[in-house]
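Taking it in order: structure first as C-alpha cells, then the write-up.
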Number of protein chains: 2
Amino acid sequence: MNLKKNSLHDHNSCRQKVMEAAKAYCEQKRLKLTPVREAVLNMLLNEHQALGAYEILEGLRVAGFSAQPPVAYRALNFLRDIGFVHKIEQLNSYIACYHPDMSHSPVFLICQSCNDITEKSIDRHKDEFSIMADETGFQITNLVLEAKGTCQACLANL
Amino acid sequence: MNLKKNSLHDHNSCRQKVMEAAKAYCEQKRLKLTPVREAVLNMLLNEHQALGAYEILEGLRVAGFSAQPPVAYRALNFLRDIGFVHKIEQLNSYIACYHPDMSHSPVFLICQSCNDITEKSIDRHKDEFSIMADETGFQITNLVLEAKGTCQACLANL
DNA sequence: ATATGATTTGTTATGTTATAACATTCACTA
DNA sequence: TAGTGAATGTTATAACATAACAAATCATAT
C-alpha cells in the first residue's frame, strides 16, 4: 500500500474532512450523496490512490451493492461532476480529490515506479495553457494535465 | 471533414514534409518505416484529425493489410515512440504530429463542437508543470496536456 | 394522503479499446 | 546460407465503458 503518503499527513482526519466537505457540498447544492456514491468516495479516500472502475465495482460487490458496471460508472461520474473525484486519463482510473476547489485545475504527477499519484493544483486562468488558449480564442471547459515519471523517493532509491 | 484547417495552410505540402521527415528520422536512427507503419502515418496525415485505433485498422483492411488489432496498435506505438503520432487520452484516439520536436511538449486544444484538434507546443523545461515537478523532485518522462472546450470559430457561430 | 414527475438504482446486453501469447516471415550479417 | 533479431500474422481474451429500459425511491404540490 501507499505508506509514503500516509506518513506525510494524518490520513484519517484528511479523509474525514473531505467526506464532510462532500456532504456539505451536496446538501448546499441539494444533491444527494447516496449510499452507493458515499461508498465509492469512501473507497477512494481510503485507498488514497487511483482505482479502476472495476476495482471499485468489486468493492461495491463486497459491500453488498449491486455490482453491474453502470453502478460504478454512475457514482464515479456524479463524484467527478461535483469535483470530488478525478479521472487519470493515462491510467483509465479514478482518484479522490483532496482539495476540491473549482478555481484550480488539478495536475497529476504519476510515478511509474511506486504508482504513487500526487495531485497538485494550478491557478486557473493564470497558467500558460489557459493563456495560450485565450490567445487563440479557445474557451476551455476541461483541462487534463498529467505527468508520468519518477518521484523523488524512487529516484533516491535507484 | 476539416475544412477550417485545410484553408489555413497547404495541407498537401505539409503532409509530404512530415512524411519525409519521418523517413529521414528512421533512416538516421536505423529504424524501419515499414509499409504498415507508413500506411498508418499516411492515413493520419491525410485525415488531419484524430482517429481511433479501430478506424485505422479499417483503413489498413481496405488497403489490404492484415486487420487484427495488434497490427494497428503496433504501428501506432512505433509512431508514438518516434514522436510522429500522439495519443489524445481524453478521446482514446491518435493524431499525427506536425512538429515532431523532442524539446517541446505537445498541447492539444480539443473543440467539442467541430471536433477540430489544434496542436500547440510548449517549451519543455520552461513550462510551469516542469517547474512544479522540479520543485518536488519529480522527473517527468511524459507530459499529457489536453484542453477540451470550444474553438474561436465555433464560439463565433453560436 | 396521494398523484405525479423527476431522480436514482437495477439489470441485461453490448460496444469499444487494448494486450497477451505464440507462430511465422523477413532482413541482415557472420 | 545458417543464425539472429525484428516485424508481422493470428487467435484469443482482457479491460474499459455505455445504451436502453424497467423498477424503486423521493420531493412536493394539490
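Model, not experiment: these values are computed from the prediction. Naming: A, B, ... by sequence-line order, numbering from 1 per chain.
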Revision key, fill the gap. Rounded to whole Å, the CD-C1' distance (B/Glu89 to C/dA18) equals 12 Å
Check your understanding: Does B/Asn92 have a side-chain nitrogen or oxygen under 4.0 Å from the phosphate oxygens OP1 or OP2 of C/dA18?
Key -> yes
Review point. Hey, does the side chain of B/Tyr73 come within less than 4.0 Å of C/dA18's phosphate (OP1/OP2), counting only N and O?
Key: yes
Study note, to complete from the structure: Winner on side-chain proximity to A/Lys87, out of D/dA17, C/dA18, C/dT8, is D/dA17
Check your understanding: Going by heavy atoms in the side chains, are B/Ile95 and B/Glu119 under 4.5 Å from each other?
Key -> no
Review point. When only distance counts, do a donor and an acceptor, one from the side chain of B/Tyr54 and one from the base of C/dA18, lie under 3.5 Å apart?
Key: yes
Point to revise | Proximity to the side chain of B/Ala53 - top-ranked nucleotide from D/dT8, C/dG10, C/dA18 | key: C/dA18
Practice item. Apply side chain to side chain contact (heavy atoms under 4.5 Å, CB included) to B/Glu27 and list each qualifying residue two or more places apart in sequence or on a separate chain. Key: none
Practice item. May I ask you to say what A/Arg30 touches in the nucleic acid, namely base, sugar-phosphate or nothing, with a heavy-atom cut-off under 4.0 Å? Key: nothing
Review point. Across the strands shown, which category fits A/Tyr94 at heavy-atom distances under 4.0 angstrom: base, sugar-phosphate, nothing?
Key: sugar-phosphate
Revision key, fill the gap. Checking D/dG9, D/dC16, C/dT9 against the side chain of B/Val71 (C-beta onward), the nearest is D/dG9
Check your understanding: Is B/Arg61 paired with B/Glu58 through a side-chain N to carboxylate O contact shorter than 4.0 Å?
Key -> yes
Revision key, fill the gap. On DNA chain D, more 5' by nearest nucleotide between A/Lys32 and B/Arg74 is B/Arg74
